[in-house]
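Each residue takes its place number in the sequence, starting with 1.
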Amino acid sequence: MSVVKSRRESLINSLEDNSIAIFYSSKSPIKSGDERYPFSPNRNYLYFTNLAIEHSFLVLYKTDDEIFEKLFIERNDPVLARWIGEKLSKEECSEKSDINIENINYIDDFYSFLGNTLSKYYIDCVYLYLKNVDWENSATEKQLAKEITKDFPYIKIKDISKIVNNLRVIKDDTEIENIKKAIAITKEGIVFLIKNAKPGMYEYELEAYFDFILRKNGVTDFAFKPIIASGINSTILHYSSNNSKTNPGDVVLLDVGAQYNYYSADISRTFPISGKFTERQNAIYQIVLNTMKKVQSEAKPGITLFELNEVAKKALAEGCKEIKLINSDEELSKYYFHSISHFLGLDTHDVGGKKITLEPGMVITNEPGLYIPEEKIGIRIEDDLLITEKGCENLSVDIPRELFDIENIWRA
């Protein structure tokens, strides 16, 4: 059985009898005129189909004595194909998704199929992924829920997000390899950027070196908008304008990630634009690095991200008191105001909550930081960790992070 079919089977086994689960692949919105924003598939649909196609529905159906799966895809338009290329055929979709070709229909038939199925069979429940749906706009899930409730008021609408998230949060071998590949490309981009960095360059010039490496490796999209923050900008957590000029003596905070097969890397490194940290920058960097190592040593099955954040806060506070930046632990929030970690996978901020217990197969970030506006110093270092049976594996261990190694990139 293929990996993607096994995922669907696990999901179906978790559903109530006499229920249907529906996933929509999404469609790129119109930018202006006939131009559209780049398409990115709904990650839940992608997870269960291995298909990155627009305007498609996956339907999983479960009764007391029958289970089936159906896929509804767009019909190929020969005229439009001459302009933008052909859509995947039923045969191609069947091969990639491991759904029998006789269970693949065209999108034109979806609503009549849904109506007939809900009328003909004793369906008690329709599952939709409703967590984080954009309720202010015409989200497809919202429209489906509204129409089903109107025409079939006796059918319950249930949120399937908890079931799906419990599956997605544990990564299989294929997913881990995709994340590793994304990290390897990110490493190449970071090193290339730092090697070419000089005082006086604009942040967007630095970003161009990172972008080049991603494109060279066939990456067409970032895991998220790159953060290239120099000087005072490095103290802004999600700064992404990347349009300031670097000055001699600045630190530059990078928070970047390639995306490979839709799986994300999320890496932060901080480096001195002039090639060498000042004594003060060195001291602050070492506090963050020591905290990072402490968190990594504590990351293991049975602990939560909330608890890891408490580990980080304690280590950061101790370091900040040693250099006289703060006098008490309570003052730390002035310089550290985010959390130590989030889950990583098909989404950069992947499914999984702060208080769920870590298990083998989960991938999390480890990203302590200190942000000191009055000194124009912001330092964050971030690695990606795979939780294992006894602890964790640092998937980004090959990306330089020690002070000497960062400064040595220019000489390598």
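- The list of ring-ring contact (aromatic ring centres under 6.0 Å, His included) pairs with a residue in residues 361-398, not counting sequence neighbours, reads Phe337-Tyr371, His338-Tyr371.
- Judged by distance alone, the side chains of Glu177 and Tyr260 never bring a donor and an acceptor atom under 3.5 Å apart.
- Counting heavy atoms from C-beta on, the side chains of Leu114 and Ile22 come closer than 4.5 Å.
- Classification of Lys171 and Asp350 as a salt-bridged pair holds, one side-chain N sitting under 4.0 Å from a carboxylate O.
- Using modelled atom types and a 3.5 Å distance limit, the side chains of Asn233 and Ser244 yield a donor-acceptor pair.
- Between Val295 and Asn309 there is no side-chain heavy-atom pair separated by less than 4.5 Å.
- The local environment of CD in Glu66 is crowded, with over 12 non-hydrogen atoms from other residues, nucleotides or ligands closer than 6.0 Å.
- Of the possible donor and acceptor atoms, one in the side chain of Asn50 sits under 3.5 Å from a partner among the backbone N and O of Lys96.
- In this structure, Tyr335 OH and Leu316 CG are separated by 13.5 Å, a value rounded to the nearest 0.5 Å.
- Between Tyr24 and Phe57, the ring-plane angle classifies as tilted under the 30° and 60° cut-offs.
- A donor-acceptor contact shorter than 3.5 Å is absent between the side chain of Ser119 and the backbone of Asn116.
- Between the Asp172 side chain and the Thr174 main chain, a donor and an acceptor come within less than 3.5 Å of each other.
- Across Tyr45 and Asn42, no two heavy atoms sit closer than the pair N-OD1, 3.0 Å.
- A side-chain donor from one of Ser396 and Asn394 sits under 3.5 Å from a side-chain acceptor of the other.
- Using cut-offs of 30° and 60° for the angle between ring planes, the Phe23 and Phe48 rings count as tilted.
- With no hydrogens or angles considered, no side-chain donor-acceptor pair links Tyr129 and Glu141 at under 3.5 Å.
- Within the cation-pi definition used here (under 6.0 Å to the ring centroid, within 45° of the axis), Arg7 qualifies as a partner of Tyr47.
- Between Arg215 and Thr220 there is a side-chain heavy-atom pair separated by less than 4.5 Å.
- A pairwise comparison of heavy atoms in Arg8 and Thr49 identifies NH1-CA, 4.2 Å as the closest pair.
- Here Thr278 contributes atom OG1 and Ile377 contributes atom CD1; the two are 5.5 Å apart, rounded to the nearest 0.5 Å.
- Contact annotation: the side chain of Val252 never approaches that of Thr270 to less than 4.5 Å [non-hydrogen atoms, C-beta and beyond].
- The nearest pair of heavy atoms linking Phe277 to Ile406 is CE1-CG2, 4.0 Å.
- A donor and an acceptor atom, one from each side chain of Ser230 and Glu203, are located under 3.5 Å apart.
- Considering CD of Glu310 and OG of Ser339, their distance stands at 9.0 Å, rounded to 0.5 Å.
- Taken to the nearest 0.5 Å, the CG atom of Leu118 stands 8.5 Å off from the CZ atom of Phe113.
- Between the side chain of Ser161 and the backbone N or O of Leu130 there is no donor-acceptor pair closer than 3.5 Å.
- Panel note: side chain Gln281, backbone Gly249; a donor-acceptor pair is recorded below 3.5 Å.
- Here Asp255 pairs with Arg380 in a salt bridge; the nearest charged N to carboxylate O distance falls below 4.0 Å.
- Enclosure of atom CD in Glu95 is not indicated, since only 12 or fewer non-hydrogen atoms of other residues, nucleotides or ligands lie within 6.0 angstrom.
- The main-chain N or O of Asp266 is found under 3.5 Å from a side-chain atom of Asp384 such that the two form a donor-acceptor pair.
- A donor-acceptor pair shorter than 3.5 Å can be found between the side chains of Thr348 and Ser264.
- Within 6.0 Å of NZ on Lys376 lie no more than 12 heavy atoms contributed by other residues, nucleotides or ligands.
- Although no hydrogens or angles enter the test, the distance criterion places a donor-acceptor pair under 3.5 Å between the side chain of Thr365 and the main chain of His342.
- For the atom pair CD1 of Ile267 and CD1 of Ile185, the computed distance is 12.5 Å after rounding to the nearest 0.5 Å.
- Using cut-offs of 30° and 60° on the angle between ring planes, the pair Tyr204 and Tyr202 is parallel.
- Ser26 places none of its side-chain heavy atoms less than 4.5 Å from the side chain of Thr140.
- A salt bridge links Asp347 with Arg168: at least one charged nitrogen is closer than 4.0 Å to a carboxylate oxygen.
- Other residues, nucleotides and ligands place more than 12 heavy atoms under 6.0 Å from the NZ atom of Lys225.
- When only modelled atom types and interatomic distance are considered, Gln296 and Asp383 share no side-chain donor-acceptor pair under 3.5 Å.
- Ring geometry, Phe192 versus Tyr209: the interplanar angle exceeds 60°, so the pair is classed perpendicular (tilted spans 30 to 60°).
- Remark: side-chain polar atoms of Ser25 are paired, donor with acceptor, to backbone N or O of Ser56 under 3.5 angstrom.
- The two residues Cys93 and Leu71 have their closest heavy-atom pair at CB-CD2, 4.1 Å.
- Counting heavy-atom neighbours within 6.0 Å of Lys313 NZ, excluding the residue itself, gives a total of 12 or less.
- Both tests hold for Lys355 against Phe306: distance to the six-membered ring centre under 6.0 Å, angle to the ring axis within 45°.
- Within the 4.5 Å cutoff, the side chain of Leu193 has no heavy atoms near those of the Ile213 side chain.
- Surrounding NZ of Lys294 are at most 12 heavy atoms belonging to other residues, nucleotides or ligands under 6.0 Å away.
- Between the side chains of Asn13 and Glu9, no donor-acceptor pair is found at a separation under 3.5 Å.
- Counting heavy atoms from C-beta outward, Leu88 and Ile73 have side chains that stay 4.5 Å or more apart.
- The two atoms that bring Phe222 and Glu207 nearest to each other are CZ-OE2, 4.4 Å, heavy atoms only.
- Within the 4.5 Å cutoff, side-chain heavy atoms of Leu58 are placed close to those of Ile99.
- The structure places OG1 of Thr388 at 11.0 Å from CG of Leu358, a figure rounded to the nearest 0.5 Å.
- The main-chain N or O of Leu289 is never found under 3.5 Å from a side-chain atom of Arg401 such that the two would form a donor-acceptor pair.
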Exercise for the section: Take Glu54 and Lys87, measure what salt bridge (Lys or Arg N to Asp or Glu O under 4.0 Å) needs, and give me the verdict at the end. Expected result: CA-CA 9 Å; Glu54 291 192 66; Lys87 299 183 183 300; over 6 Å; no
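- Although no hydrogens or angles enter the test, the distance criterion places no donor-acceptor pair under 3.5 Å between the side chain of Ser19 and the main chain of Cys125.
- With a 6.0 Å cutoff to the six-membered ring centre and a 45° limit on the axis angle, Lys90 counts as a cation-pi contact of Tyr106.
- In this structure, Ile163 and Ser14 approach most closely via the heavy-atom pair CG2-CB, 3.6 Å.
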Practice task
Would you sort out whether Gln286 and Asn282 count as a side chain to side chain donor-acceptor pair (under 3.5 Å), showing the intermediate values?
Solution key: CA-CA 6 Å; Gln286 198 62 55; Asn282 187 317; over 6 Å; no
Handout entry: Audit row: Asp329, Lys314, salt bridge (Lys or Arg N to Asp or Glu O under 4.0 Å) steps and yes/no
Key = CA-CA 8 Å; Asp329 292 1; Lys314 182 179 179 181; over 6 Å; no
